[in-house]
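Below is one structure, written out as structure tokens, with a few remarks after it.
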There are 2 protein chains.
Amino acid sequence: MFSCALFAQSGLTDYVNPIIGTNGMGHTFPGACAPFGIVQLSPDTDTIPQNVNGAYQKKVYEYCAGYQHRDKTIVGFSHTHLSGTGHSDLGDVLIMPTVGKLMLNPGTSDHPENGYRSNYSHDTEKCTPGYYEVVLDDYDIKAQLTATERVGVHKYTFNKGKDAHIILDLIHGIYNYDGKTLWSTIRVENDTLITGYRITNGWARTNYTYFAISLSKPIKNYGYVDKERVLYSGFLRKFDLNHNFPEIAGRKVVAYFDFDMADKESLELKVALSAVSTDGALKNLKAETAGLDFDQLAERTKAKWEEDLDLIEAEGNNDQLAMLYTSLYHTMINPSIYMDVDGQYRGLDHNIHQADGFTNYTIFSLWDTYRALHPLFNVLHPQRNADMVESMLKHYEQSVHKALPVWSLMGNENWCMIGYHAVPVLADTYVKGGNVDASKAIEAMVSSSTLPYYEGVKDYMQYGYVPFDRNGSAVSVTLEYAYDDWTIYQMAQKAGNKKVADEYAKRALNYRNVFDRDLGWARPKYKNGEWKKNFSLLNTHGEGFIEGNSWNYSFYVPHDVNGLITAMGGDKKFISNLDSLFVMELPAKYYENTEDVTKEGLIGNYVHGNEPSHHIAYLYAWSSQPWKTQYWVREIMNRMYKNNIDGLCGNDDCGQMSAWYIFTAMGFYPVCPGSDEYVLGAPYLPYMKVKLGNGKIFEIKAPKVSDKNRYVKSVKLNGKNYDKMYLSHEDLMNGGEIVFEMSSKPNKKRGISSETKPYSMTDGKF
Amino acid sequence: MFSCALFAQSGLTDYVNPIIGTNGMGHTFPGACAPFGIVQLSPDTDTIPQNVNGAYQKKVYEYCAGYQHRDKTIVGFSHTHLSGTGHSDLGDVLIMPTVGKLMLNPGTSDHPENGYRSNYSHDTEKCTPGYYEVVLDDYDIKAQLTATERVGVHKYTFNKGKDAHIILDLIHGIYNYDGKTLWSTIRVENDTLITGYRITNGWARTNYTYFAISLSKPIKNYGYVDKERVLYSGFLRKFDLNHNFPEIAGRKVVAYFDFDMADKESLELKVALSAVSTDGALKNLKAETAGLDFDQLAERTKAKWEEDLDLIEAEGNNDQLAMLYTSLYHTMINPSIYMDVDGQYRGLDHNIHQADGFTNYTIFSLWDTYRALHPLFNVLHPQRNADMVESMLKHYEQSVHKALPVWSLMGNENWCMIGYHAVPVLADTYVKGGNVDASKAIEAMVSSSTLPYYEGVKDYMQYGYVPFDRNGSAVSVTLEYAYDDWTIYQMAQKAGNKKVADEYAKRALNYRNVFDRDLGWARPKYKNGEWKKNFSLLNTHGEGFIEGNSWNYSFYVPHDVNGLITAMGGDKKFISNLDSLFVMELPAKYYENTEDVTKEGLIGNYVHGNEPSHHIAYLYAWSSQPWKTQYWVREIMNRMYKNNIDGLCGNDDCGQMSAWYIFTAMGFYPVCPGSDEYVLGAPYLPYMKVKLGNGKIFEIKAPKVSDKNRYVKSVKLNGKNYDKMYLSHEDLMNGGEIVFEMSSKPNKKRGISSETKPYSMTDGKF
């Protein structure tokens with residue numbers, strides 16, 4: 001069921017249901033954006049309480065995308081939103097149309113009548129890629145939103161036009177706190193043009209948002225309140241600063257603009273953003289919207305989405321297609337273009353740089369997205385991915401740390417999560433033939449993996465693992481460093497840099513140092529070499545792991561699964577560990593206090609909402625019972641992805657959850673980015689056609705597939721029997737077809753012999 | 001007597017005594033700068049109390065230049081200082097060297113031992129143009145400072161080198177208040193290079209100061225405190241941010257850098273500034289200081305001052321020459337170059353612009369400097385003045401108000417004082433043959449003088465005066481608008497724009513609308529045309545004037561002195577009004593509560609420390625007793641300018657007081673900028689030689705001049721008898737010599753006939 005009516009009844013955008021994941025944990029937003037655009041113009045249904053250090057902290061994470069479907073009021077429409085993150089920020093440049101009594105505070109959800117926010121009903125909401133519509137009940141205003149890459153476009157129809165106002169709230173933000181806006185300015189350039197900017201200190205430590213707003217009708221009067229008036233230089237006092245004085249500045253500014261509107265008349269606003277300057281915003285405004293009205297711009301953006309969604313053609317029922325195309329949609333929001341139309345962008349050093357020969361991107365949630373999102377880009381959007389790699393290299397060059405991004409947000413490094421996972425993105429792109437300057441990339445990868453003050457790296461280099469007495473997430477960190485190091489080894493080897501390859505081949509085996517061979521699980525180890533006592537396989541907190549307990553995290557050796565099998569005690573034990581993961585009954589005490597895990601997000605002890613598990617269902621491929629992958633991936637698809645507001649079992653994480661869905665639907669998954677292999681699971685739909693980034697076509701056929709016929713009996717690649725348990729990137733990108741013969745019973749003989757097995761760094765002997 | 005020993009005993013810089021005016025009201029600073037440089041590296045002897053709205057407000061103005069000679073401690077050395085202003089700001093990027101226990105607060109003047117500040121003795125101070133030296137007694141550190149245009153250069157000799165620190169305080173500022181620093185960042189790029197910036201909200205509403213600091217020795221350890229820790233994005237917590245973490249940010253940051261210093265070893269710092277970016281600061285650093293050490297840079301800057309001081313050659317006693325050359329020095333500090341070496345600068349719109357074909361300047365204290373400083377530049381530095389005019393036109397173009405600067409400060413308009421006095425600067429420069437785009441200039445002048453919401457302009461255009469019920473300074477404002485309007489008339493006429501000329505010729509006579517002909521004085525008038533009752537000629541506050549009572553301000557009709565004479569009641573009354581001004585005894589109640597007037601700054605009721613009076617002594621020229629000018633200008637020179645710490649009777653106001661001194665010493669003064677005439681007084685010295693901006697030489701000879709022989713008997717211009725009471729700009733710039741025959745008795749016949757009189761817009765009939 002679509003919970004939100006569609007804008008137009010034609011094309012692939014019709015399948016997309018942006019409302020999926022907008023309630024609870026998905027942290028997606030329903031608003032309008034263009035593919036990979038920096039503007040995500042969307043309703044915010046609550047502002048964040050001011051006290052972030054105490055009781056309200058939890059609520060902060062509820063509003064990562066500014067919207068919770070259960071809310072009854074809309075505060076306004078802001079221009080920047082993260083898609084599916086687990087931490088929150090942005091919500092820049094809030095616009096709200098009102099009529100009647102002028103109110104310059106947002107009010108509260110309990111008492112919306114005390115502020116400018118409005119009640120609304122989901123019945124009036126319409127959302128489709130690039131378009132959002134709602135009626136603001138308190139003011140009887142129909143709000144329509146669309147966006148280009150850099151411009152948010154608003155159309156407000158005032159059913160009652162008397163005393164019409166536009167509120168521009170520069171205090172408002174997601175992850176707000178008292179003082180988040182460091183400074184803001186507004187210039188009323190003329191009666192249809194406003195410019196300004198604000199600088200905020202949030203998850204992005206220093207975030208510059210410049211804007212230029214053009215209006216379809218002249219402003220009648222305007223003014224502002226400054227809720228924390230700072231010092232005025234004496235002679236400003238001679239002006240009536242609060243009314244029709246065209247230069248506004250302050251730390252807590254809410255401005256208003258009055259318009260003469262007739263009943264039923266519409267007002268259109270174009271709000272261009274730039275991280276560079278108001279000049280940049282004006283350039284963006286002109287380049288992307290000059291001469292075009294709301295309807296034309298909405299149509300253009302819809303056409304862009306149609307083109308990008310057309311990369312995949314598929315057969316399936318409505319819910320399956322909604323989930324597939326919504327997933328595809330969600331993979332094309334973040335990372336986002338972070339550059340003006342003229343190529344100027346704000347670098348990590350806060351200086352303005354000129355992008356020569358590439359498009360600069362930001363919002364790299366790399367701990368999440370190196371797994372499947374960037375690999376998906378290497379299939380569907382190789383040029384964009386190459387530009388993202390270049391953006392990461394610029395980040396490295398501009399950083400004082402001389403490190404690739406960990407989590408890049410609006411020209412800032414926020415260091416979120418663990419590992420140095422730009423490294424596998426570079427390696428994967430290079431290995432898959434992407435345009436990467438290998439020697440520069442290796443320099444950056446080596447520098448990033450040897451930064452002594454970064455999360456245990458010095459200890460890791462000294463001890464071969466991160467000691468638990470030095471870091472609370474020591475085991476997770478060690479496991480991920482070892483994989484990242486393998487990708488450096490892999491890339492250095494391909495690039496002919498033997499010295500680096502040899503060194504990192506050794507580091508890649510460091511996962512062994514946190515495996516307790518007696519126990520058969522990864523376990524925290526102290527500096528003195530002793531294991532943590534009273535160790536729980538099921539607890540996450542306090543056990544050396546982050547976003548996953550040992551039972552989940554121990555499977556994190558994607559580059560040497562043979563070694564992992566040995567470490568766990570051999571094939572049988574490995575299979576039983578996997579089986580138990582999916583079928584055990586996990587007592588609530590192990591997850592109920594974990595912010596990002598819910599009962600619905602669990603399959604046994606398997607947590608699909610947290611990324612460290614994303615490859616696990618595919619690990620059966622290395623075992624003697626590979627068919628079990630075919631069972632569990634379909635279970636996950638069916639149980640963890642639903643075409644409704646609660647349809648995502650965890651944060652979409654900038655498209656990683658969605659990218660997992662798309663790969664798994666195709667029947668294969670990049671278990672170990674940096675290798676050129678996709679491990680076979682089983683296709684989810686009877687037919688998929690993929691327009692590859694190189695212009696070729698790859699078709700996936702499984703005519704008989706169903707929940708019952710979920711097992712793969714045999715496979716043909718381009719008409720020839722195909723017995724391997726993986727597909728190479730080359731085979732995929734050459735185009736052609738893969739045909740799966742499906743069955744209700746597993747073919748237990750397929751994929752058993754060692755020649756059919758996917759890549760593993762070692763044969764498992766140690 | 002020189003209160004401060006000299007750096008080197010040779011050249012014209014020896015005459016300059018930068019300590020003049022550093023106590024009390026002069027508001028000059030003793031530190032180092034290059035001519036017209038944006039860096040003024042100087043000791044700050046106190047920080048401003050946090051409470052600016054209450055009791056400490058007065059103290060704010062004491063520290064306009066950061067230094068009061070009477071103070072016993074130095075807080076540190078900051079890089080930007082206004083020269084002689086009456087309002088305060090800047091003091092950016094404070095550096096302080098210390099040894100021993102690390103202290104990161106400045107301490108108080110009462111208890112310097114509780115902070116990083118140090119006691120010092122004036123005995124150890126040496127200052128000369130471009131160089132400052134002092135011993136920091138508490139740490140036994142010899143501090144030496146010099147500067148290029150954009151780089152402050154420090155040399156610290158640690159007599160005891162153990163536990164040596166450099167403190168970098170980004171909270172410190174002049175005109176400080178809690179929250180002035182909106183945001184600051186520091187990057188430790190490597191162990192000898194630091195970059196960063198801060199954004200402040202002060203008198204300059206939004207002031208961006210980027211810096212790059214290079215060090216002659218590597219940093220051993222570093223860290224910082226943030227005295228108002230704001231939100232950290234969660235994952236920054238994994239670092240030890242306070243120690244050796246190279247990216248520092250916050251609102252109240254004080255950083256420290258530790259060095260391994262041997263006893264007697266020196267540490268050199270080069271601190272480059274930019275308003276554009278840290279990249280810009282690095283470019284400035286490289287262009288101006290690469291490969292040069294402290295001593296070489298100090299030598300270079302000294303040579304620049306020698307060259308610029310060499311514009312004037314003079315004979316006189318030591319005190320007279322000290323005063324003359326110090327005045328000349330003080331005319332070459334502000335305005336200051338506001339542009340990186342590559343021509344990039346931050347405009348009034350906060351965007352980055354490229355200066356094509358001109359040098360961009362800031363710090364235009366125009367209410368002061370249009371009178372004599374810019375006219376002096378038209379004689380000595382025509383190219384600089386043309387660039388300043390271009391900077392003002394850019395300010396106009398970039399302003400949302402479409403107005404020329406009132407008071408331009410670091411890319412901001414602070415609207416200080418009254419009038420639109422960029423207008424006379426443009427007119428004066430144009431009339432005197434400067435390179436000004438007349439049509440653009442007239443457009444800007446008209447726009448600036450018709451800005452409806454600017455200080456009574458709408459009323460002024462409607463009523464012909466600013467009504468007192470609408471503006472507390474209504475009479476001052478009206479008088480100054482009328483003069484400014486005359487300069488627009490003058491310029492439009494020369495440029496052949498009859499329409500504008502006609503309109504502004506009318507406006508130029510608006511001074512008449514605030515003259516009470518019955519009373520013979522300017523007087524506040526209400527909207528309804530009634531005069532203010534209970535009017536005092538001697539009070540300033542509450543009487544419709546600012547920085548001057550009616551007795552002083554009524555003389556402010558420089559463009560139509562004949563009309564003024566009529567308005568006052570004729571020649572006799574005019575003379576008696578002037579005489580009384582200088583000789584009356586002003587009761588203390590009329591000035592003791594006025595922040596910028598002291599008893600020592602008065603000659604009768606004449607206040608030389610406030611600019612509205614600067615032309616008054618020359619007004620006798622239009623009367624039947626022109627010789628009285630000769631008497632009073634020498635009185636003013638002798639009594640209001642002294643070669644000591646208290647040597648300026650009022651704020652030097654960015655060189656206006658000093659420019660008055662120089663013109664008056666030469667024997668003439670630009671009473672009415674925008675005309676091409678200088679009104680003759682009497683030369684102060686027996687000989688002066690002026691290198692004109694066009695390369696020619698003008699000599700002023702008055703061999704017999706003395707306090708006794710202060711009267712002009714006769715004048716010869718280039719050997720010919722010269723009977724006029726003015727000198728034309730053309731005659732001056734043609735070069736040559738003017739010879740004054742001086743006498744102890746006035747020549748009461750000279751300058752009486754109407755043909756000898758200076759310009760007046762009318763014949764005085766109305």
Side-chain angles (χ1 to χ4, degrees), chain A residues 52-53 87 89 175 177 179-180 182-183 185 187-190 195 197 199 201-206 210 228 230-236 238-240 244-247 249-251 276-280 349-353 399-401 406-407 409 412-418 453-455 471, chain B residues 52-53 87 89 175 177 179-180 182-183 185 187-189 195 197 199 201-206 210 228 230-236 238-240 244-247 249-251 276-280 349-353 399-401 406-407 409 412-418 453-455 471 473:
Chain A
V52 288
N53 296 314
H87 199 304
D89 204 355
Y175 197 38
Y177 70 96
K180 180 176 179 179
L182 301 170
W183 194 241
T185 76
R187 277 166 58 120
V188 183
E189 304 278 353
N190 60 50
T195 62
Y197 63 92
I199 312 171
N201 166 239
W203 196 25
R205 203 174 186 185
T206 312
Y210 296 83
E228 183 191 336
V230 290
L231 191 72
Y232 277 163
S233 67
F235 284 84
L236 273 174
K238 60 186 163 188
F239 298 103
D240 179 7
N244 296 326
F245 187 77
E247 201 163 55
R251 295 188 61 203
V276 172
S277 64
T278 57
D279 264 359
D349 54 7
H350 299 189
N351 289 317
I352 305 306
H353 298 267
S399 74
V400 69
H401 306 280
V406 171
W407 213 119
L409 179 56
N412 287 266
E413 172 58 82
N414 68 30
W415 303 104
C416 188
M417 290 305 293
I418 58 172
Y453 50 83
Y454 179 68
E455 196 143 30
N471 188 301
Chain B
V52 288
N53 297 315
H87 199 305
D89 204 356
Y175 197 38
Y177 70 97
K180 180 176 179 179
L182 301 171
W183 194 242
T185 75
R187 278 165 57 120
V188 183
E189 304 279 353
T195 62
Y197 63 92
I199 312 171
N201 166 238
W203 197 25
R205 202 173 188 185
T206 312
Y210 296 82
E228 184 192 338
V230 289
L231 191 72
Y232 277 162
S233 67
F235 283 84
L236 273 175
K238 59 186 164 189
F239 297 104
D240 179 7
N244 297 325
F245 187 77
E247 202 164 54
R251 295 189 60 202
V276 172
S277 63
T278 57
D279 264 359
D349 54 7
H350 299 187
N351 289 318
I352 304 307
H353 298 266
S399 75
V400 68
H401 307 280
V406 172
W407 214 119
L409 179 56
N412 288 265
E413 172 59 81
N414 68 31
W415 302 104
C416 189
M417 290 307 292
I418 59 171
Y453 50 83
Y454 178 67
E455 195 141 33
N471 189 302
S473 309

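What's counted below: heavy atoms across the whole structure, side chains too, no hydrogens, waters or symmetry copies. Below, read A as the first sequence line, B as the second, and so on, with proteins coming before strands; counting in each chain starts at 1.
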Closest non-hydrogen contact found for A:Asp279 with B:His353 is OD2-CE1, 4.5 Å
Which residues satisfy the side-chain hydrogen bond (donor to acceptor under 3.5 Å, both in side chains) test with A:Thr195, sequence neighbours excluded?
A:Glu189
Correct closest heavy-atom pair for A:Arg205 and B:Glu247 would be NH1-O, 3.2 Å
Hey, does the side chain of A:Asn351 reach the backbone of B:Thr278 with a donor-acceptor pair shorter than 3.5 angstrom?
yes
Nearest heavy-atom pair of B:Leu182 and A:Arg251: which atoms, and what distance?
CD2-CD, 4.0 Å
B:Asp240 versus chain A, the contacting section by heavy-atom distance below 4.5 Å:
neither
Please state whether the side chain, the backbone, both or neither of A:Asn412 comes within less than 4.5 Å of a heavy atom of chain B.
neither
Side chain from CB out, backbone as N, CA, C, O: work out which of these in B:Phe239 comes under 4.5 Å of a heavy atom of chain A, or both, or neither.
side chain
Is B:Leu409 in contact with chain A via its backbone, its side chain, both, or neither, using a 4.5 Å heavy-atom distance?
neither
Given that the side chain runs from C-beta out, which part of B:Ser473 has a heavy atom under 4.5 Å from chain A: side chain, backbone, both or neither?
neither
Is chain A contacted by the side chain of B:Phe245, its backbone, both, or neither, given a heavy-atom distance below 4.5 Å?
side chain
Mind checking whether B:Trp183 and A:Asn201 have side chains closer than 4.5 Å, heavy atoms only?
yes
Donor-acceptor check, side chain of B:Lys238 to backbone of A:Met417, threshold 3.5 angstrom: yes or no?
yes
Is there side-chain contact between B:Ile352 and A:Ile352, with heavy atoms separated by less than 4.5 Å?
no
Most chain A-contacting option - heavy-atom pairs closer than 4.5 Å, from B:Lys180, B:Glu455, B:Arg187:
B:Arg187
List the atom of B:His350, the atom of A:Thr185, and the distance in Å for their closest heavy-atom pair.
CE1-CG2, 4.3 Å
Just to verify, what does A:Tyr210 make a ring pair (Phe, Tyr, Trp, His ring centres under 6.0 Å) with, not counting sequence neighbours?
A:Tyr197
Heavy-atom distances under 4.5 Å only: say whether A:Val188 touches chain B with side chain, backbone, both or neither.
backbone
